[in-house]
Colleague: 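Here's a structure for you.
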Amino acid sequence: MTYYLIGIDGGGTSCRAAVASVDGHILGRGKAGAANILTDPETALANISEASRAAFEEAGLDPEGIASAKAIVGVAGHNVGDAVHYVKRRLPFAVADIESDGLIAFQGALGNQDGAVAILGTGTIYILRQGETVSYVGGWGFTIGDHGSGARIGHALLQESLLAFDNIREGSPVTASVMAEFNDDPRDVVDFARLAKPGEFGRYAPRVFEGASNGDPVAVRILKAAAATVDEALDVVVARGAERLCLLGGLAPLYRPWLADRHQALVVEAEADALTGAVALAAQRFGAQARTGA
């Protein structure tokens, strides 16, 4: 019987899958909807299956092979035991390990090299690898962590917009644009913020970066404060021995010019994406087993 490997990059917006031969050569890719195992495990399971089926179909393979495949599933919430156990028991694969979405991103970015990655998106997390040892810094979520994240930046912009409305601090074109969006009514801002999820706050982050690039004083102040928290975390991974840094996530290219000079010389470009990293981990972990039919 022929076995295949599957890599899954499951995110809060979409789920990507790749099917590969036992040596890690990608044969086909597929995509489906969100795969958040914490907030909606049933939908995550459905979309993991759908993306895997699409990958098999693109490769010209019988999707029935999914049942005998061995997979690495990279998702947020890999360290929340109840969610992981629930999902793992219901995955459609013969064997599967659930790993951090950050770990598969690291593997894609740096391959088997030592170093660190900073994942800068709606949330933030930093991952350091030295030999066989992988350690994490941050990644504690919006409520109590994720400093420097898109969610935090967007939240700060809304705060500053209300401070400007109350004449407590100077406003700017960026804060004025936020208030205009909410009909210049602070109650509308409060109603939005009361129920907003991190991703909804994060949608305001690009406005801060754009405003800062144009010299908007409030945007510059927010972004300098956010960049300082990223530099603090990078200081930790460098102190632990990281000699190369890779910036990943949607905000990574926007953040680059705002980071401290001491980190700029250590930044390297990513070799590949997180989905490629998931497949590579699957090949390392299951390739020999699949070749022997174990």
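In this chain, residues are counted from 1 in sequence order. None of these values were measured; they are calculated from a predicted model.
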Colleague: Hey, does the side chain of D114 reach the backbone of G131 with a donor-acceptor pair shorter than 3.5 angstrom?
Modeller: yes

Colleague: Regarding R169 and E160, does a basic nitrogen lie under 4.0 Å from an acidic carboxylate oxygen?
Modeller: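 Looking at E160 together with R169, the answer is yes, because their closest N to O distance falls below 4.0 Å.
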
Colleague: Is the ring centre of F192 less than 6.0 Å from the ring centre of F182?
Modeller: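 Yes, close enough.
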
Colleague: For V84 and I98, which heavy atoms make the closest approach, and how far apart are they?
Modeller: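 Looking at all heavy atoms of both residues, the shortest contact is O-CD1, 3.7 Å.
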
Colleague: Check for a donor-acceptor pair, side chain of S52 on one end and backbone N or O of I48 on the other, with a separation under 3.5 Å.
Modeller: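 Here the side-chain-to-backbone pair exists.
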
Colleague: Check step by step if side-chain contact (heavy atoms from CB on, under 4.5 Å) holds for L128 and Y126.
Modeller: CA-CA 7 Å; L128 169 69; Y126 306 82; over 6 Å; no

Colleague: Cut-off 3.5 Å, side chains only: do S149 and D146 have a donor facing an acceptor?
Modeller: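 No, because no side-chain N or O of S149 sits under 3.5 Å from a partner of the opposite role on D146.
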
Colleague: How close do A278 and G7 get, heavy atom to heavy atom, and via which atoms?
Modeller: CB-CA, 3.8 Å

Colleague: Are the side chain of D62 and the backbone of G65 linked by a donor-acceptor contact shorter than 3.5 Å?
Modeller: no

Colleague: Taking ring pair (Phe, Tyr, Trp, His ring centres under 6.0 Å) as the definition, give me every residue that meets it alongside F165, ordered by chain and number, with sequence neighbours left out.
Modeller: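 Partners of F165 under the ring pair (Phe, Tyr, Trp, His ring centres under 6.0 Å) test: none.
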
Colleague: Which pair of non-hydrogen atoms, one from G24 and one from A283, has the smallest distance, and what is that distance?
Modeller: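 Heavy atoms only, the tightest pair is CA-CB, 3.9 Å.
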
Colleague: Would you indicate whether the side-chain heavy atoms of S49 and I66 approach each other to under 4.5 Å?
Modeller: no

Colleague: Decide whether Q130 and R240 meet the rule of one side-chain donor and one side-chain acceptor closer than 3.5 Å.
Modeller: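 Per modelled atom types, Q130 and R240 side chains form no pair under 3.5 Å.
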
Colleague: Quick check with a 6.0 Å cut-off and a 45 degree axis cone: is R152 positioned over the face of F201's six-membered ring?
Modeller: no

Colleague: Hey, are R129 and Q113 close enough side-chain-wise for a donor-acceptor pair under 3.5 Å?
Modeller: no

Colleague: So does R207 pair up with E181, basic N to acidic O under 4.0 Å?
Modeller: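 Salt bridge present between R207 and E181.
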
Colleague: Treating D166 as the side-chain partner and I168 as the backbone partner, does any N or O pair qualify as donor plus acceptor under 3.5 Å?
Modeller: no

Colleague: Is a salt bridge present between R285 and E99, judged by a nitrogen-to-oxygen distance below 4.0 Å?
Modeller: yes

Colleague: Should L45 and R90 be marked as a side-chain contact (heavy atoms from CB on, under 4.5 Å) after you check the CA-CA gap, both sets of side-chain angles, and the distance that decides it?
Modeller: CA-CA 7 Å; L45 285 163; R90 291 163 175 78; 3.7 Å; yes

Colleague: Would you say the ring centroid of Y204 lies under 6.0 angstrom from that of H155?
Modeller: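 They do not qualify: ring centres at least 6.0 Å apart.
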
Colleague: Taking I127 as the fixed residue, which of V237, L248, I119, V137 is the one that meets the side chain to side chain contact (heavy atoms under 4.5 Å, CB included) rule?
Modeller: I119

Colleague: Please confirm whether K70 makes a cation-pi placement over Y3, using NZ or CZ under 6.0 Å from the six-membered ring centre and within 45° of the ring normal.
Modeller: yes

Colleague: Looking only at atom types and distance, does a side-chain atom of Y4 sit under 3.5 Å from a main-chain N or O of L61, one as donor and one as acceptor?
Modeller: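 Absent.
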
Colleague: Donor-acceptor pair, distance only, cut-off 3.5 Å: does the side chain of N47 make one with the backbone of A32?
Modeller: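 Not a single qualifying donor-acceptor pair exists.
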
Colleague: Do T124 side-chain atoms and L120 backbone N/O form a donor-acceptor pair below 3.5 Å?
Modeller: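 No, T124 side chain to L120 backbone: no donor-acceptor pair under 3.5 Å.
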
